[in-house]
Chemist: 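Let me give you the structure first, and then I'll get to my questions.
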Amino acid sequence: MTVLVQPVILCGGSGSRLWPLSREHYPKQLLKLVGKHTLLQDTALRLAGLGQGAAATLVAPILVGNDEYRFLLAEQLRTVGVKPAALVLEPMGRNTAPALTLGALAARADGADPVMVVMPADHVIQDAAAFQAAVAAAVPLAEAGKLVTFGIQATAPETGYGYIRRGAAIAGSTGFAVSEFVEKPNAETAQAYLDSGEFFWNGGIFVIKASVWLAKMQQLQAAMHSACQAAFDARQADADFVRPDKAAFATSPSDSIDYAVMERLASATHNTGEVTVVPLAANWSDVGAWSAVWDISPKNEQGNALVGDALAIDTKNSLVMAHSRLVACVGLDDVVVVETADAVLVASKAHIQKVKDVVTQLKAKGRAEASSSRKVHRPWGWYDSVDMGERFQVKRIVVKPGASLSLQMHHHRAEHWIVVQGTARVTRGSEVYLVAENQSTYIPLGEKHRLDNPGKLPLEMIEVQSGTYLGEDDIVRFEDVYGR
């Protein structure tokens, strides 16, 4: 009998470890760090071809993600030709165990009971063939009721990862029983783990049958299971999105997949033998810091990974990323320099984990750079705040073909629109008219208006706002196709 293989992609993330490129409102899975695709896109495409054999049928992925960047998730998948089976929006963050429970409930919603391949959206796996081989080895174990995790082949005494200790080999399989999960070790213990050959890094990727996961949650985390079930039962459909009930989901405890279930089933005193590890050697990285980005990036003879308009003289073993201007480095070693339009990070690779402290301080000071970059993505396209002063703001706006902004008005500002490329259709009060390239129009304060792109090419324009208050919260929406 053919086994249904259901990718479940967990799209959480706070955007703090790869600041300033990632932000709270634009986490790292949405970034292109290596290659032509974002981390999310690579994850969604990673299993392509797995279902070509007779033993397994690959179905469309289920995404579990944050409501705030739901349109970005959908758009990134659309551009690589992936249509998700469901995009489940967590009403709030409750860690990975409740997120996976929502994913499992969605996987079972039509009566099927697939084997889920549970993947964080923000990992890098450079050897897709090796990953698919490991999944193929894990699927029969999961179909038989095992809870399978992947053990990343350890190549260094890493202190930033948890570890999995393997037990007895499972006959007829590449898998092993899990003897125990262990926390992040100190350097000496990590070296002992590496020397023993018995330990893997814990990569946080799982292969579990949907019904098995739900049964274990009901057994071990009854309150969490009950809250997720109630939230999913009261879900609302919103265009392409599934919205579990917020009040019910809010009652769920917060915990990770490992802590909530896996470690309890593989504890030293009550090991049930149900948790299995399959080795994975596929050039994996969780891209947990800028030093990890340097590790996986192409480098020149001096060991430098240079991205964008970057120049390095007498510099070695460094990562230099320039996104909006020339960045020149002289006489540096083992550093990270990341430049964006509104912030620059310069850090020693040895202290790169402290980037999170920068974000913490920015939040404490109420700085916008903690949560958003100058370029802000919207369902209809994006805008870049080019300049601003006490009573004006200048934005570069790009609207996707066929997209439309909401019908809206502003209490405190007027707007001047200049079309640079494409054609704009403008609604202003009772008027509807076209504005072509090199033409402009004016939206008075308090006037209802809408901008849309009727063409087949992106619409690019310059917006000049003027008034006593220019905040994004000075928007009154009357109609909005995106339900905001």
Side-chain angles (χ1 to χ4, degrees), residues 13-46 69 72 75-76 79-80 120-128 283-356 358-359 362 369-370 372-377 382 384-386 396 398:
S14 62
S16 62
R17 293 192 290 179
L18 295 187
W19 186 90
L21 198 55
S22 69
R23 309 285 173 103
E24 183 178 354
H25 296 163
Y26 203 79
K28 68 177 178 178
Q29 64 259 30
L30 302 174
L31 302 176
K32 292 181 182 178
L33 295 177
V34 180
K36 63 180 182 179
H37 293 136
T38 67
L39 299 185
L40 169 64
Q41 290 170 334
D42 273 337
T43 304
L45 296 170
R46 189 163 291 146
Y69 39 85
L72 295 172
E75 176 65 13
Q76 287 208 354
T79 58
V80 292
D122 56 0
H123 289 185
V124 168
I125 293 178
Q126 294 180 309
D127 189 342
N283 296 327
W284 167 90
S285 173
D286 71 346
V287 205
W290 282 116
S291 53
V293 177
W294 176 82
D295 286 338
I296 62 176
S297 298
K299 304 174 188 66
N300 62 18
E301 293 180 356
Q302 291 74 43
N304 295 320
L306 306 177
V307 178
D309 195 4
L311 180 64
I313 298 172
D314 293 333
T315 293
K316 59 184 179 180
N317 303 321
S318 296
L319 172 67
V320 185
M321 303 184 83
H323 290 92
S324 66
R325 73 201 84 182
L326 169 66
V327 175
C329 299
V330 180
L332 301 179
D333 187 8
D334 280 322
V335 300
V336 170
V337 180
V338 181
E339 179 272 338
T340 68
D342 64 342
V344 179
L345 169 71
V346 181
S348 162
K349 279 197 290 184
H351 297 89
I352 203 66
Q353 296 290 349
K354 294 185 178 179
V355 170
K356 291 188 291 185
V358 174
V359 177
L362 290 174
E369 294 92 340
S372 300
S373 61
R374 206 180 77 174
K375 183 177 180 179
V376 177
H377 294 264
W382 55 266
D384 184 1
S385 297
V386 178
R396 178 186 173 198
V398 174

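Hydrogens, waters and symmetry mates are skipped; everything else that's a heavy atom, side chains included, is used.
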Chemist: Val338 vs Val344, test: side-chain contact (heavy atoms from CB on, under 4.5 Å). Steps then yes/no.
Modeler: CA-CA 6 Å; Val338 181; Val344 179; over 6 Å; no
Chemist: How close do Ala322 and Ala310 get, heavy atom to heavy atom, and via which atoms?
Modeler: CB-N, 4.4 Å
Chemist: Mind checking what makes ring-ring contact (aromatic ring centres under 6.0 Å, His included) contact with Trp284, not counting sequence neighbours?
Modeler: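 Trp284 satisfies ring-ring contact (aromatic ring centres under 6.0 Å, His included) with His123, Tyr161 once adjacent residues are dropped.
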Chemist: Could you measure the distance from the CG atom of Leu33 to the OG1 atom of Thr38? Nearest 0.5 Å is fine.
Modeler: 9.0 Å
Chemist: Out of curiosity, Lys32 NZ to Gln41 CD, how far, rounded to the nearest 0.5 Å?
Modeler: 6.5 Å
Chemist: Find the distance between CG (Asp122) and NZ (Lys28) and round it off to the nearest 0.5 Å.
Modeler: 4.0 Å
Chemist: Would you say Val355 and Leu345 make side-chain contact, with heavy atoms under 4.5 Å?
Modeler: yes
Chemist: Run the numbers on Leu306 and Asn300 for side-chain contact (heavy atoms from CB on, under 4.5 Å), then give the verdict.
Modeler: CA-CA 8 Å; Leu306 306 177; Asn300 62 18; 4.0 Å; yes
Chemist: For Tyr26 and Leu72, run side-chain contact (heavy atoms from CB on, under 4.5 Å): C-alpha distance rounded to whole Å, both residues' side-chain angles, the deciding distance at 0.1 Å, then the answer.
Modeler: CA-CA 9 Å; Tyr26 203 79; Leu72 295 172; 3.8 Å; yes
Chemist: What's the separation between atom CD in Gln76 and atom NE2 in His377, rounded to the nearest 0.5 Å?
Modeler: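 Going from the CD atom of Gln76 to the NE2 atom of His377 covers 8.5 Å.
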Chemist: Side-chain contact test, heavy atoms from C-beta onward, threshold under 4.5 Å: evaluate it for Tyr69 versus Gln29 and give yes or no.
Modeler: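 They are in contact (side-chain heavy atoms under 4.5 Å apart), so the answer is yes.
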Chemist: Are the side chains of Val327 and Leu311 in touch, meaning some heavy atoms are under 4.5 Å apart?
Modeler: no
Chemist: Shortest non-hydrogen contact from Trp19 to Trp290?
Modeler: O-NE1, 2.9 Å
Chemist: Could you walk me through whether Leu319 and Val293 pass side-chain contact (heavy atoms from CB on, under 4.5 Å), step by step?
Modeler: CA-CA 8 Å; Leu319 172 67; Val293 177; 4.1 Å; yes
Chemist: May I have the step-by-step check of side chain to side chain donor-acceptor pair (under 3.5 Å) for Thr340 and His323, ending in yes or no?
Modeler: CA-CA 5 Å; Thr340 68; His323 290 92; over 6 Å; no
Chemist: Sorted by first residue and then second, give each salt bridge (Lys or Arg N to Asp or Glu O under 4.0 Å) pair with at least one member in residues 331-356; sequence neighbours left out.
Modeler: Arg23-Asp342, Arg325-Glu339, Asp334-Lys349
Chemist: For a quick test of reading the model, state the closest non-hydrogen atom pair linking Ile296 to Val124 and the distance between them.
Modeler: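 Scanning both residues completely, I find the closest heavy atoms to be CD1-CG2, 3.8 Å.
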Chemist: So which of Val346, Asn304, Thr315 actually passes side chain to side chain contact (heavy atoms under 4.5 Å, CB included) with Cys329?
Modeler: Thr315
Chemist: When rounded to the nearest 0.5 angstrom, what distance separates NZ in Lys316 from CG in Leu332?
Modeler: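 CG of Leu332 is found 11.5 Å from NZ of Lys316.
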Chemist: Looking at every heavy atom in both Ser285 and Ala292, which two are closest together, and how far apart are they?
Modeler: OG-CB, 3.9 Å
Chemist: Is it true that Asp384 and Lys375 make a salt bridge, defined as a side-chain N closer than 4.0 Å to a carboxylate O?
Modeler: no
Chemist: Looking only at heavy atoms, which two atoms of Ser22 and Pro27 are closest? And how far apart?
Modeler: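 Nearest heavy atoms, Ser22 then Pro27: CB-C, 4.0 Å.
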Chemist: CG/Leu30 to CD/Glu75 distance, rounded to the nearest 0.5 angstrom?
Modeler: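 That separation rounds to 11.5 Å.
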Chemist: Kindly say whether Val335 contributes a backbone atom to a donor-acceptor pair with the side chain of Ser318 at under 3.5 angstrom?
Modeler: yes
Chemist: Looking only at non-hydrogen atoms, find the nearest pair between Lys299 and Gly303 and report the distance.
Modeler: CD-O, 3.8 Å
